[in-house]
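Everything numeric in this text was worked out from a predicted model, so none of it was measured. Naming: A, B, ... by sequence-line order, numbering from 1 per chain. Hydrogens, waters and symmetry mates play no part in the numbers below; they use all other heavy atoms, side chains included.
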Amino acid sequence: MTDIQDKPEGETDAMAKAYSHSDVEARWYDWWEAQGYFTPQRDPNKKPYTIIMPPPNVTGELHMGHALTNAVEDILIRWKRMDGYSALYLPGEDHAGIAGQNVVEKELAKEEISRHDLGREKFLERTWEWMNLYRPRIRYQLRHLGASCDWTRECFTMDPGPVRAVRTVFKHLYDKGLIYKGERIINWCPRCATTLSDLEVIMETEPGFLWTIRYPLSGPDGTADPSHPGIIVATTRPETMLGDTGVAVNPDDPRWKDMIGRTVLLPIMNRPIPVVADSEVELDFGTGAVKVTPGHDPLDFEIGKRHNLPIINLLNLDGTLNENAGPYAGQRVNQARKGVVDRLEREGYLIKVEPHTHNVPHCERCGTVVEPIVSDQWFVSMQPLAGPAIEAVRNGDVRIVPERFTKVYFHWMENIRDWPISRQLWWGHRIPVWYCDNSHRFASDQSPETVTACPECASTQIHQDPDVLDTWFSSGLWPFSTLGWPDKTPDYEYFYPTDVMETGYDILFFWVARMIFQGLENTGQVPFHTVYLHGLVRDEQGKKMSKSVGNVVDPLIMADKYGSDALRMALITNSSPGNDQKFSDGRIEQTAHFANKLWNATRFVLSAAEAPAPRTASAEPPSQPHSLPDRWILSRYSRIVEQTTRMLEEYQLGEAGKMLQEFVWSEFCDWYIEAAKGSLKSDSATQRAETSRIARYVLDGLLRLLHPYMPFLTEELWQNLHGWPSKDDSLASSAKSIMMAQWPTPHSTEDGAERDFTLIMEIIREIRNARADAVRDAPENIKKEMTGRRIEAHIAGGSRTAMLKQEADTLARLARLDPARLTIAAQLSPADRPDKATTLVVGDTEVVLPLAGLVDLDAEKKRLQTEAEQTEAEIERTEALLANEGFIGRAPANVVERERARLASAQERLPKLRERLKE
RNA sequence: GGGUGUGUAGCUCAGUUGGUUAGAGUGUUCGGUUCACAUCCGAAAGGUCAUAGGUUCGAGUCCUAUCAUACCCACCA
C-alpha cells in the first residue's frame, strides 16, 4: 500500500537542520494503520485496555475540545499499548438528534424549503446524505491528529448494531415498567417543535416586568363584586392569565386568610376560579397570591394537580395562541402579552408594573424561548435506576477524575427527575412502540419491517409511534452497543467493561451519568472504571468558543501551522484535569520549538553514533559506564522513567508531559549532551563507543516516553535512530515501530553519580554567573576582551578533589576555563590565591577566579559579606529546626536528613567565606 | 437559594498523602559567530502564593471567614 518503510526520497543520510512537521506527520499514519497496529487482537495472554471514543456529532468540523479529548485518549491508549496491553481505541460518530436535524433543516432553508415540504422519508434521505458527507471529514481530522483508533471497529450511532441495542434496551425498560407514557408538563421549543429535557434548556437572566393584577371577587350572581377588593396577584407573564384556573395563597398568610375557598372572577375571560391554599406559595414574594396556570408553568402544574384545577392549554405547537385564548387566538405570545396588559389596564385591573429581572428558558440548540406545556410524552423512571448508579461511584467501582466531580454527580443523581425521552423529530432512533386499532400498545425489539401484527389481538392495523428518542438515549448505551451488545460477541466478552471514559465535564449529566445507569441496568456491570473529565478550551480572552461568536479556532489549522504533535503536547501540558484553559498560539509555538529541539538532539546523537542503535529495548548499555556524565544521565533517566509511569497511572498527563519536556531540554540537551561531547571526542575508541551507546539508549527511551504525546515526531526520530526500518517481515512489530515498542523500564539509579555531577553543575553555574556579573559591570574595552575568552581558575576540591580532577575537561569546557591555567588541588597554594580574585564557595569546594583587572575589591568584599550573612542565617535556621523536638520527632527521616545535610554544608562554607573576608 | 472552581513572577499557567530559600514558558535586561539546534546557548531582575484569622514542629497546600471572578444546579409566580 505504501513505501513508507523506505527512507523518504530526496533525503540524504543527514537529517535536515530544522524540523519540518508537515513531511513527517504525513508519513506515518497510513503505514501504522496498514501494519494493523491500531487493531488489537483478543489475545488471552494480554490484558485488554479499552477506551471508547466519545462520538463527535456529525454536524460539522471538529473543534479544539475534540482535539484535547482525542489527545488525552490517544496518550492513554498509546501508553497502554506499549505497556503490553491489548489496547482498543474504538472510534465513532453520533447522529446528534436535534442538532443533526437542525443542520439539515438549515441547508433546506437555503433552498427555501422545509422538511415538511420534503416529507419524512425524503428528509431522512437528505440527512443521511449529510452524515455520509461529514463522517469522512471527521475521520480525516482524527487521523490528522494522530488518533490511533481502530477503524475496523468504527461505529455510528445509527448503525444496525446500536439501533438494535436501542430497541432492546427500550423494550427491556418498557416491559419492566421503567419506561412509561404520561401527560406531564414539559419544555417545548416552538422553533424545533419538540420536547426538551431540562438539561437541553438554558436559563438566561433577562430584564422583564412584574405586573400586579387584581382579580375581583365573584359576586353571588357570577359578576364581579364591586364592594370587595378581590385578590391581587403578581406575574411576569400576564398573557398566561388567559389559562388561569385558580389563585393560590399560602395557608399561613394573614393577608389572604379569608379569601381561601372563595371564588374570584378571571378578568377578560370572565371565568370564575377558586382561591386555594398551598404551602408552596412564598409569603414574601410579590403579593403573596399566585395566579395558577397549570397548563404553562411547572409549579402551577403541581399546585393544580393537588387542588384538582383544570388544565387549559393556550398554545399551538408553533408557539401561537390557540382558541382557548379567546380574543387573542392566533397571536404570538409577545403580541398577546401586550394586548392583555392593555386591556387589563383599560378595565382597571392592572395595579402596577415594575421592572423585574427573571430567568427565561431558551432552547439549547436554537435559542428560542421555551414554553412549558402539558403534553403526552415518554419518560424513563429514574428513581430505580439512580440508586445503583450512585452506589457504583460511592463504592469506587467508578472513579471520577478529578474527584470533586463526584459530589456534583451525587447531587444531580440524588435529585434526579424522570427523563423525558420522546422527541418530536424525524432524525433519530424511532420509538419502538406500536399501536393497533383496538387500542393496544406494545414495544418490540425486532426490526420494524418485521413488526406486522399486534401480539394481543393479532390485528395488522398497527402503526409505529412517530416520535424519536432523545439522542442521549443511544449515547448512554455507547460503551457496549459499540462492542456488539446485546449479543455476547467475542469483542464484548473481551473488551467490556471498558477502562476509561474521557470527556468534558460539561456532559457529566447528559452522558456520563446515563452511561453508568444504562450499563448497570443492561449489562450488570459498570461501563468503565474511570471517568476522566477535561476542562473546556476557551479563546484567548477566556470566552467560550462558539460558532456564532466567531472565536472558534480550528484545530486542523493549528496542526498545519505548528504540527499535530505540538498541538497535542500544548493542549495537554497547559492545563490540569477539570480546569478550563485559554487557548493561545504562543503555547503551541513553544511546543513546536520543543519538537525542533528533540529533532536536533537526535541529529546530534546520530552524528556521534558509529552504527544504528539496536531495535529492542533489551540492548542495554554497560551496567558500569565509566564517565560521570554517562552514569549521571542513566540515573536521572531511570528516575524519569519511574516518575513518568507513576504520573500516567495517576492520570497526571500534563505534569508528566511537562516533566519530560523539561528533562529533555535541560538535563539531556543542555547538560548531558554538552558534557558528553568530551568523551565523544575522547582518544579512547571504547570510551567514544560507550558514551555514544548510552546517549542512544537514553534518547531511545525518551522518545518512547514521549511517543504517546508526540506520535509522529517520535516515530520519525526513532526510525532514524535505528537506521530506518527494513522491509524484513520477520521483524517483530515491536522492533518495527516505536508505537509497538516496549514501554521503558528504569535502568538503575546511582546516588553518588548524581551527587557528583550536581556539584559539577553547581560549580559551572557559579563560574558562569560570576563571569557574567564581572563582564556586566566592566567598561566596554574590557568587556570585549573578556568575551569568549577562556579564563584562569583554581579549585580547592577538599574531599572531592579526585572526582573534580577527573572531570576537569567537563568543567573547563562548560565553564569556559583555560585548561592550561586550571588547577585543582585539595588545598590551594597562596600563589593560586591572588589578591584580586573572586572566590566562590560551592559546597565544600572553593573556586578562585583571578579575573584580571576586573575585580573590584570592595565589591568582592561586599559580595562575600552578603554570602556569609546568608550562610549564617541558614545555619541559624537549620539549627533551630534541628533543635526542635517536634520536628525531629515527627518529620519524616529523609526530611530531617536533608536539613542535617544543609546545616553541615553551611557550616563548611562559613569558615571559608570568613577566611576570604579577613584577607 | 444551593453547590463547585479560580485568585501564585509584567503576561499565560503548573505545583496530588503539608516538608529545603515556591517553579515553567513567555516578556524584560545583559552577554554569546563553541563543529545538534539562533525554532539556539549562558546569565540576571521579577513573587508578603487575594485578604484576615486558625490548626501544625512546619501551610501555596488543611480549616474558618471575607473580597474578587467564573461556572453548575434549582427557578420566586
Please list, for nucleotides 21-23 of chain B, all pairs of protein and nucleotide N/O atoms separated by less than 3.5 Å.
| residue | atom | partner | partner atom | Å |
| --- | --- | --- | --- | --- |
| U21(B) | OP1 | R877(A) | NE | 3.3 |
| U21(B) | OP1 | R877(A) | NH1 | 2.7 |
| U21(B) | OP1 | R877(A) | NH2 | 3.4 |
| U21(B) | O4 | E874(A) | OE1 | 2.8 |
| U21(B) | O4 | R902(A) | NH2 | 3.4 |

Please list each protein N or O that sits under 3.5 Å from an N or O in nucleotides 33-40 of chain B, with the distance.
| residue | atom | partner | partner atom | Å |
| --- | --- | --- | --- | --- |
| A36(B) | OP1 | K677(A) | NZ | 3.4 |
| A36(B) | O2' | N600(A) | OD1 | 2.6 |
| A36(B) | O2' | R603(A) | NH1 | 2.9 |
| A36(B) | N7 | K677(A) | NZ | 3.4 |
| A36(B) | N6 | C669(A) | O | 3.3 |
| A36(B) | N6 | E674(A) | OE2 | 3.0 |
| A36(B) | N3 | N600(A) | O | 3.1 |
| A36(B) | N3 | A601(A) | N | 3.4 |
| C37(B) | O4' | N600(A) | OD1 | 3.0 |
| C37(B) | O4' | N600(A) | ND2 | 3.4 |
| C37(B) | O2' | N596(A) | ND2 | 3.2 |
| C37(B) | O2 | K597(A) | NZ | 2.9 |
| C37(B) | N3 | K597(A) | NZ | 2.9 |
| U39(B) | O4' | H593(A) | NE2 | 3.3 |
| U39(B) | O2' | N596(A) | ND2 | 3.0 |
| C40(B) | OP1 | H593(A) | ND1 | 3.3 |
| C40(B) | O3' | K597(A) | NZ | 3.2 |

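Looking at the side chain of E282(A), the nearest of the listed nucleotides U16(B), U20(B), A77(B) is A77(B).
Between Y532(A) and Y651(A), the two ring planes are tilted [angle within 30° to 60°]. The aromatic rings of W599(A) and Y19(A) sit tilted relative to each other, their planes meeting at an angle between 30° and 60°.
Take R337(A) and apply the salt bridge (Lys or Arg N to Asp or Glu O under 4.0 Å) test, not counting sequence neighbours, and it matches E239(A). Among residues two or more places apart in sequence or in another chain, the salt bridge (Lys or Arg N to Asp or Glu O under 4.0 Å) test is passed with E667(A) by R636(A). Scored by the ring pair (Phe, Tyr, Trp, His ring centres under 6.0 Å) test, F410(A) finds no partners at all (sequence neighbours excluded).
Counting non-hydrogen atoms under 4.0 angstrom, Y505(A) reaches nothing in the nucleic acid. Contacts of P892(A) with the nucleic acid, taken as non-hydrogen atoms under 4.0 Å apart, include base atoms. Nucleic acid contact class of T235(A) (heavy atoms, under 4.0 Å, all strands): sugar-phosphate only.
Ring centroid separation for the pair H21(A) and F594(A) does not come in under the 6.0 Å cut-off. Between F405(A) and Y409(A), the gap from one ring centroid to the other reaches at least 6.0 Å.
Among the duplex regions that RNA chain B forms, those built from at least three successive Watson-Crick or G-U pairs under 3.5 Å are B:1-7 with B:67-73, B:10-13 with B:23-26, B:28-32 with B:40-44, B:50-54 with B:62-66, ordered by first number.
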